[in-house]
Amino acid sequence: MAASTNSFLVGNNTQIPVLKPRSTSQSFLHLSKPNTLNLAGKTKPVAVRCVASTPQVQDGVRSGSVGSQERVFNFAAGPATLPENVLLKAQADLYNWRGSGMSVMEMSHRGKEFLSIIQKAESDLRKLLEIPQEYSVLFLQGGATTQFAALPLNLCKSDDTVDFVVTGSWGDKAVKEGKKYCKTNVIWSGKAEKYTKVPSFDELEQTPDAKYLHICANETIHGVEFKDYPVPKNPNGILVADMSSNFCSKPVDVSKFGVIYGGAQKNVGPSGVTIVIIRKDLIGNAQDTTPVMLDYKIHDENSSLYNTPPCFGIYMCGLVFEDLLEQGGLKEVEKKNQRKANLLYNAIEKSKGFYRCPVEKSVRSLMNVPFTLEKSELEADFIKEAAKEKMVQLKGHRSVGGMRASIYNAMPLAGVEKLVAFMKDFQAKHA
């Protein structure tokens with residue numbers, strides 16, 4: 001028996017109707033009571049009905065039965081909250097990207113459709129950060145952690161020295177991985193003081209011939225952020241920065257760095273994409289033992305398409321870059337981030353010790369705000385009660401405890417205002 005154009009065949013020549021969506025932007029599934037179908041004498045549920053429910057969007061905020069009021073304020077450190085209007089745009093294009101007849105998730109990475117996506121993403125990122133032409137932009141995989149190995153493999157030989165300023169856990173991890181491929185020299189570490197400060201650059205005793213000086217520009221776990229950057233003393237050395245958790249949160253003078261790298265999953269997209277911005281003259285000197293997937297030259301020569309890249313993740317990053325440009329660029333974004341951070345830090349400071357942030361005030365992160373309660377036994381209640389108010393992922397990293405509110409670009413001011421109001425109410429109940 002041949003299937004009709006409106007059905008498909010399952011076992012025993014049984015036909016099931018095919019339900020076609022009325023709109024390519026329709027992607028909300030509403031479950032109705034399952035229908036049943038008799039297969040070889042056995043009754044089984046078989047159908048999930050798709051009901052058209054195209055959301056209405058006003059000023060980037062969704063309304064209707066599936067509205068923004070059903071979303072939580074997500075303070076996770078990464079993967080983190082994404083702009084709601086970006087999610088809605090991706091939703092609208094999910095089934096059929098711009099009339100191509102396919103989803104971005106189905107495209108060939110070498111087809112003209114995806115090439116237009118990745119090229120625009122790079123172009124918009126260059127505009128945002130004002131990246132000079134002598135720098136390459138690479139869209140890679142493996143997270144910033146993979147770059148801990150890729151950097152020494154590409155930038156130096158096994159007997160070369162690399163200097164590290166360690167202001168938190170991620171800087172420490174970079175040292176431990178780097179020492180497998182080069183000589184590492186920790187010229188300053190904040191570990192003894194539980195990673196609460198950034199050193200004076202004048203006190204750094206750099207190695208005269210260090211190939212590069214490595215920093216983590218913003219420590220996600222400990223909430224320590226560089227407000228300015230050290231300069232390598234070696235005239236031929238370069239500054240390398242892991243900017244995973246403050247990437248595109250403020251303007252940066254790219255020309256001060258040899259390499260900037262970071263995972264996208266905190267500020268500019270979903271997990272799975274790693275962005276590397278590298279000065280072109282640094283490419284092409286990889287150690288002989290460098291795996292092909294860690295060789296910057298391979299990826300640069302192939303425009304980040306040596307193998308199948310994280311296509312959907314890159315597409316989402318591109319939408320975020322568009323959104324940041326539409327907001328007025330990174331100067332405007334930084335103003336919004338400063339306002340949110342000031343609101344939260346001021347609430348902590350005015351709590352008379354009920355809440356405490358251990359980080360030195362001059363280097364407190366605009367992105368990740370760690371804090372503790374005077375009565376540590378209340379921390380579990382704080383997290384539980386906040387979750388009831390639809391504020392989630394406020395528990396601090398397992399290695400340090402306490403609380404942490406990650407307030408990346410996509411966290412709206414309303415989310416921070418709600419958190420501050422909750423903190424005041426919680427203090428009033430438990431002080």
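Just so you know, residue 1 is the first one in the sequence shown, and it goes up from there.
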Would you list the atom pairs, donor with acceptor, under 3.5 Å between side chains in residues 271-282 and any protein atom, with sequence neighbours excluded?
{"from": "T274", "atom 1": "OG1", "to": "G143", "atom 2": "N", "distance (Å)": "2.8"}
{"from": "R279", "atom 1": "NE", "to": "D281", "atom 2": "OD1", "distance (Å)": "2.6"}
{"from": "R279", "atom 1": "NH2", "to": "D281", "atom 2": "OD2", "distance (Å)": "3.1"}
{"from": "K280", "atom 1": "NZ", "to": "Q133", "atom 2": "O", "distance (Å)": "3.1"}

Would you kindly say whether N409 and N337 are connected by a side-chain donor-acceptor distance under 3.5 Å?
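The criterion, which ignores hydrogens and geometry beyond distance, is satisfied for N337 and N409.
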Closest approach of C248 and V333, non-hydrogen atoms and distance?
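Result for this residue pair: O-CG1, 4.1 Å.
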Specify the closest pair of heavy atoms between V254 and L129, including all atoms of both residues, with the distance to one decimal.
CG2-O, 3.7 Å
Using the test side chain to side chain donor-acceptor pair (under 3.5 Å), find all partners of K183 that sit at least two apart in sequence or belong to another chain.
none
Check ring-ring contact (aromatic ring centres under 6.0 Å, His included) between Y229 and all other residues, then give those that pass, not counting sequence neighbours.
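Counting only residues at least two positions away or on another chain, Y229 forms a ring-ring contact (aromatic ring centres under 6.0 Å, His included) with F257.
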For K194, does the NZ atom have more than 12 heavy-atom neighbours from other residues, nucleotides or ligands under 6.0 Å away?
no
So which pairs with a foot in residues 244-253 pass side-chain hydrogen bond (donor to acceptor under 3.5 Å, both in side chains), sequence neighbours left out?
N218-S245, T220-S245, E225-N246, E225-K250, D242-S244, D253-S255
Would you call [X] and [Y] a salt bridge, taking side-chain N to carboxylate O under 4.0 Å as the test?
| X | Y | result |
| --- | --- | --- |
| E322 | K120 | yes |
| K388 | E385 | no |
| E130 | K127 | no |

Under 3.5 Å, side chain of [X] to main-chain N/O of [Y], donor-acceptor pair present?
| X | Y | answer |
| --- | --- | --- |
| N154 | L294 | yes |
| Y355 | K424 | no |
| R404 | V369 | no |
| E332 | G329 | no |

I need the K384 NZ to L378 CG distance, nearest 0.5 Å.
13.5 Å
What's the spacing between I407 CD1 and L366 CG if we round to 0.5 Å?
7.5 Å
Side chains of E84 and L88, heavy atoms from C-beta outward: is any pair under 4.5 Å?
yes
M403 vs F382 side-chain heavy atoms within contact, under 4.5 Å:
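Of all side-chain heavy-atom pairs linking F382 with M403, at least one is under 4.5 Å.
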Walk me through whether K89 and D93 qualify under salt bridge (Lys or Arg N to Asp or Glu O under 4.0 Å).
CA-CA 6 Å; K89 192 169 186 178; D93 282 341; over 6 Å; no
Does anything in residues 144-184 form a ring-ring contact (aromatic ring centres under 6.0 Å, His included)? List the pairs, not counting sequence neighbours.
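Qualifying pairs: F164-H214.
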From N267, N368, T81, residue fulfilling side chain to side chain donor-acceptor pair (under 3.5 Å) relative to Y408:
N368
E360: side chain to side chain contact (heavy atoms under 4.5 Å, CB included) partners, not counting sequence neighbours
K197, S362, V363
